[in-house]
Structures are given as C-alpha cells and as structure tokens.
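Reviewing the structure listed below.
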Amino acid sequence: MIASMRRFVETCEAVSATTKKTEKVRLVSKCLRSLPVDDAARAAIFFAGHAFPRWEERTLAVGGSLIWQALEALSGLPPERLSQTYRRYGDAGGMAEEVLSSDNPGGELTLRDVAATFENLAALRGSTQKLEAFKQLLRRASPGEAKYIIKIVTGDLRIGLKENLVEEAIAQTFLRPLDLVRRANMITADVGATFRLAAADDLAAARLRLFHPIGFMLATPAETPAEVFESFPADALVEDKYDGIRAQAHKSGRTVKLFSRTMDELLEFPELFEGLAALPGEFILDGEILAWRDAHPLPFRELQRRLGRKHSDMWLLLDIPVNFVAFDLLYQDGDLLLDTPLRERQRRLEQLLGPAPGAHFQLAGSQRCQTVEELRETFENAILRGQEGLMAKEPGSPSPLSTSS
DNA sequence: ACTGATGCGTC
DNA sequence: GTCGGAC
DNA sequence: GTCCGACGACGCATCAGT
C-alpha cells in the first residue's frame, strides 16, 4: 500500500508535466479515486493549493523567510548555493527538491500527517516554534514530498491546477453533474467537504450554513460599451463599480457578520452592524464597504487605514466613516437565491431594505441601459461621481460583468 | 521600549 | 487589483 | 472567452533583535 502523500506527489508531477486540462482532470480524478475518502478529501484541498478549507481563517504564518531558514538548516548548504538554486527554479518548492538530501527516501508520510502538521503550525506562536515544527515535517519527507509541502504552504502549487479543475475532477470521479459540484463547493467553501458529498451522492443536500461565507461571484472587465451588449443581447442592468471592499453580510436574529472575499471575518467596521441587525429575517447580502463622507466616496487608501486593525480606534472610526452598499441578495429566510434571476433577487432586496435605508447602509442604485450611447453616458457620470466604473449585469443571470473604460 | 523584517490581506 | 500567455 | 500564473502598491500586526 503506497503512502498517500507519495501518491499525491506523483499525481502533482504528472499534472505539472502536461498542459492539457482534460489530462490534468483525469489524473487528479484517478488519484482521488485511489484514496480512502478521508485522504481524498484532504488531497482535494491540497490540490487546490490550500492548507485548510477556504472558509477557514487559519493561516500558517510560514512564509519565504521561514522556508529559507529551514532549507538552509536541513541542507547545510551556504546561502549562495541556495540563492543559485532558487534563481534557477524561481520557486521555493523546486529549490527544496534539489537541495534536500536525496538519501531521504520518505514515502512514509501520509496526507493525514501533513494535515496534522498544518494544524499544529497554525496553532504555534512565534517564528522560532514554527521553524522547529516545519523542519521536523521536512525531515520526514522525501525531496519530492518537501517540494509539494512547500508549495502548499506558499498557497500555490503552480502546476496549472486550480480549484476549478479540482471540481471537474470530483465530478468526473463520481460521474456527477459539474454544475452540482460547483454549486456544492460554492455553498460549503470546502472542496474536501464537496468531495465527500459527491462520494455519498449527496451533492444536492449541500446545506448553506449561515455565518459560513459562501463563494463570491467575481466580475470580468470589459473594454467598451459595445462589448457589454455582446454579452447581453437585450439590455443591461448597470450599477456603479465601487472602489471599496467586497463583503458578504450574514444576518440572523440580532447577529450580523461580515466576510471578505477571502472569507475572513471583517471585524473592523462595527458601525455597520446595527443597521443590518435591525432588518427583518435571515439573509445574506453581497455588497461593498465604502469609505463615504458627505455623500462622496473617499479614496481606497483611506479605507485601507481601517483594515487589519485588531482594536478599533474611535478617532479613526469617526475620521473615516463607512457605508455598506448592498447590491445583491444571495439568501433569504431559507431560500438560497443563487439560481434565482437577478430581477427577482433585486426585487426582494429592495423590499428587504425598504424605502428608508439606514444610516450606514444603502441600496446600490441600478439602472437599465439599452443602447451603447446610454451606457457611455452612464459610465461618464459614474466616473464624475468618483466611482471606479460600472458593473453591468444581465437581468436574467447571476454573473456580473464590469466595464472599466 | 523601540525598530526592522516578515507575513498577510485589501485592491 | 493588473497583465500577458496558453488553450 | 476562460483559465492560470506572475506581478505591484499599500497598510497593519507580530515577533526577533537591539
């Protein structure tokens, strides 16, 4: 029985060796199929380049410097030699494979061991402790295993494999519809859990958990107004594109939580909670946090000064006021609205927020555009109002399109 | 107690 | 966030 | 068109070293 980490590494190497997406998917699928469910679920997360499920906020806090120190210690090579090797690969993982002793056969490491060490690393405090634990893990690994451990730690495998393709591999493994897999992965934000659901033929049962962020719809840029209408033959719903921080607001009872695009909880904007908590029912809003003073948006730089703080500073809170601009409703009172037409979601959103928005939140004004001229004029107005551009959406579908020129 | 390096997260 | 490249 | 990889600017917190 081949140890699961070795199996994972062999698959990564094979995936790296081909540029064909279908082949990558086939290889990943083959690997997932060959592993026990628990290990396959871990592998799915690692294939996506994550140490933990996406919805988790834990980080390893092991970066380039610590990796460098570990490799220096374990290889016994002088820094110049390491630099040389690094330059050749441009990748700490590749460097590790070359400089670590090939006497070490490894092969005993399981995906479970690696996952456990990640847990430990996340829990340890201080770089000294982390360095020790990290070195210990690498000592147990073959050079090839070390390569991919480091790639996971840096958050990017760089083998032309992303979570999208892992979803495809899961669908292929169990012959499930790709749509269902993507949907489950969006709801759970955990490609390992998605794997388990697919294995159990239970994808449709993927349940949304309030206060666990779900996947964000990202926009794609468009150069010209004409491009927008190529995508939306009929007409387009158009909103300002705000230069702020994308956020998901979850609310139930009096509890409100905000999540950023990387699914971290945003705790820096307490003044937004009151107004949202006062709204009726349970819901998830998609929106943007804006620095906003005297009816105008402030530069992003200002907003950034409020980010990342552990303790909110009263002065700063008054100095840089913020608003939550809601532009979509993803869930309401038991109904997941991802497949509901935008028109209907907006109707419910307007009804939810009511005619008099609160002090710190507002509804994104949307307007219908039917001609290129109309769109161009709206765009220019948006820029004049200090916005970044426009978001254009099709009334029937959930995927947005933004214009930037 | 201070400072610089490091990691992380926002766009 | 942007950009360019591979498919 | 879609996906992926490589890249930059900025600001904050934490820790190591002084």
Side-chain angles (χ1 to χ4, degrees), chain A residues 15-16 18-25 28 47-52 54 56-70 89-94 121-122 124-132 134 151 153-169 178 182 213 216-223 227-228 230-232 241-248 258-269 288-291 297-313 316 319-320 322 387-389 391 399 401-405:
Chain A
V15 166
S16 169
T18 177
T19 60
K20 296 185 179 63
K21 290 204 306 185
T22 51
E23 179 67 1
K24 289 173 192 279
V25 170
V28 172
F47 275 133
H50 304 130
F52 300 115
R54 252 185 316 134
E56 289 206 38
E57 294 186 42
R58 284 187 295 180
T59 57
L60 300 171
V62 175
S65 175
L66 237 67
I67 291 170
W68 191 272
Q69 290 173 52
Y89 290 93
D91 175 288
L121 280 171
L124 288 174
R125 313 297 308 160
S127 47
T128 314
Q129 282 189 294
K130 283 176 193 283
L131 177 60
E132 260 328 294
F134 188 54
K151 281 167 172 282
V153 167
T154 56
D156 199 350
L157 261 39
R158 298 169 68 181
I159 58 175
L161 184 73
K162 275 291 195 295
E163 195 155 331
N164 249 317
L165 292 187
V166 179
E167 288 172 342
E168 288 189 35
L178 181 55
R182 290 210 198 287
F216 282 78
M217 306 280 199
L218 297 182
T220 52
E223 289 298 324
E227 256 181 62
V228 172
E230 281 169 28
S231 318
F232 315 142
K241 182 176 189 297
Y242 307 98
D243 192 9
I245 296 163
R246 185 78 176 275
Q248 216 173 76
L258 293 170
F259 298 97
S260 73
R261 217 171 59 182
T262 53
M263 308 196 167
D264 295 315
E265 189 172 358
L266 287 163
L267 300 166
E268 297 97 328
F269 308 101
E288 192 91 3
I289 296 169
L290 285 187
L298 299 176
F300 181 76
R301 172 84 61 85
E302 293 298 300
L303 183 55
Q304 204 173 12
R305 291 176 54 212
R306 288 198 52 180
L307 270 177
R309 291 178 187 266
K310 280 289 166 64
H311 308 288
S312 61
D313 175 334
L316 203 59
D319 207 28
I320 307 170
V322 296
Q387 307 294 4
E388 221 191 359
M391 299 293 299
S399 84
L401 186 70
S402 86
T403 63
S404 52
S405 68

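In the text below, chain A, chain B and the rest are named by the order of the sequence lines, each starting its count at 1.
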Kindly point out which of D:dC4, B:dG9, B:dC11 is positioned nearest to the side chain of A:Asn164?
D:dC4
Position toward the 5' end of DNA chain D (nearest nucleotide), A:Glu230 or A:Leu157:
A:Glu230
Whole-Å distance between D:dC3 C1' and A:Asp156 CG?
13 Å
Value in whole Å for how far the C1' atom of B:dC8 lies from CD of A:Glu268:
12 Å
Given B:dC8, C:dG1, D:dG5, the nucleotide with the shortest approach to the side chain of A:Arg261
C:dG1
A:Glu132 vs A:Thr128, test: side chain to side chain donor-acceptor pair (under 3.5 Å). Steps then yes/no.
CA-CA 6 Å; A:Glu132 260 328 294; A:Thr128 314; over 6 Å; no
When you get a sec, tell me which of D:dA6, D:dC4, B:dT10 is the closest nucleotide to the side chain of A:Arg158?
D:dA6
Reading nucleotides 8-18 of chain D from the 5' end, what letters show protein touch, with B for base, S for backbone sugar-phosphate only, - for no heavy atom under 4.0 Å?
--BSSSSSS--
Is a salt bridge present between A:Arg306 and A:Glu268, judged by a nitrogen-to-oxygen distance below 4.0 Å?
no
Classify A:Leu303 by what it touches in the nucleic acid, base, sugar-phosphate, or nothing, heavy-atom distance under 4.0 Å.
nothing
Output yes when A:Arg158 and A:Asp91 qualify as a salt bridge under the 4.0 Å nitrogen-oxygen rule, no when they do not.
yes
Whole angstrom is fine here: how far is it from NZ in A:Lys162 over to C1' in C:dA6?
14 Å
Residue pair A:Ser16 / A:Ile159: nearest heavy atoms and the distance that separates them:
CB-CG2, 3.6 Å
Indicate yes or no: does A:Arg301 engage A:Asp243 in a salt bridge with an N to O separation below 4.0 Å.
no
What nucleotide, of B:dC8, B:dT10, B:dC11, holds the atom closest to the side chain of A:Asp243?
B:dC11
Is the shortest distance from a Lys or Arg side-chain nitrogen in A:Glu163 or A:Arg54 to a carboxylate oxygen in the other one below 4.0 Å?
yes
If you assign each of A:Gln69 and A:Arg58 to its closest nucleotide in DNA chain B, which residue comes earlier from the 5' end?
A:Gln69
What is the distance, to the nearest angstrom, from the NZ atom on A:Lys21 to the C1' atom on D:dC4?
9 Å
Under 6.0 Å from the six-membered ring centre of A:Phe52 and within 45° of its axis: does the NZ or CZ of A:Arg58 meet both?
yes
